[in-house]
Amino acid sequence: MSLYGDYDPDNIFARILRGEIPSVVVWEDEHVRAFMDVFPQSEGHVLVISRTSKARNILDVEPEVLTRLMAAVQRTARAVETALKPDGLSLMQFNGDAGGQTVFHLHFHIVPRWSDRAMKGHGHAPQADPATLEALAQRIRAELD
Ligand code: 5GP
């Protein structure tokens, strides 16, 4: 899918938000959800999405939604850092097929990084088991401010 076009109400994150597909939630409120990426590029890879917006990418998101999303990204990243003590954090966001996007519901990736571990490639990581993801989510959740 290109940068342009209509929001697909059956994209995988829309289905996750409707509860049709399970997800390991780190935290959520009425505006946003932070949940574990099921194909983590590193241990503790978290995605942050809007629960209300039909934005597909950074170009069509409402500014007030983006403001809430970025605050949620920072809150989550701080908890990831406290819980997992990475050496660094990569924040990623892709737009359009050619930009590397595969799910067309705007989202931000928080990927903890360690100096002595390579990050797996985007779209090339194996699926994680739900119990492992839940254990990580619990550690992150416990550090939320
Ligand atoms: P994008 O390539 O659009 O930036 O990122 C989509 C992300 O969604 C990828 O990192 C991918 O691993 C993740 N993903 C794809 N399907 C699912 C799923 O069913 N559940 C979860 N939690 N993450 C998913």
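What you see is a predicted model; the values in this text were computed from it and never measured. We count ligands from 1, going down the list as the structure has it; atoms in each ligand are counted the same way.
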Discussion item. Can you list every protein residue that has a heavy atom under 4.0 Å from any atom of ligand 1, sorted by chain and residue number?
Written reply: Ile12, Phe13, Ile16, Phe35, Met36, Asp37, Val38, Phe39, Leu47, Phe94, Gly100, Gln101, Thr102, Val103, His107, His109, His122

Worksheet item: How are the rings of Phe13 and His105 set to each other: parallel, tilted or perpendicular (split at 30° and 60°)?
Response: perpendicular

Worksheet, complete the sentence: Residue pairs meeting side chain to side chain donor-acceptor pair (under 3.5 Å), one or both in residues 118-127, sequence neighbours left out, come to Gln41-His122

Fill in: Gly44 versus Leu84, closest heavy-atom pair with distance
CA-CD1, 3.7 Å

Fill in: Pair listing, salt bridge (Lys or Arg N to Asp or Glu O under 4.0 Å) test, anchored in residues 68-82, at least two apart
none

Item to complete: Check the pair Thr76, Trp27 against side-chain hydrogen bond (donor to acceptor under 3.5 Å, both in side chains), reporting the backbone distance first and the verdict last.
Response: CA-CA 9 Å; Thr76 309; Trp27 71 278; 2.8 Å; yes

Worksheet entry | side chain to side chain contact (heavy atoms under 4.5 Å, CB included) involving Glu62 - partner list, sequence neighbours excluded | Ser53, Ala55, Glu64, Val65

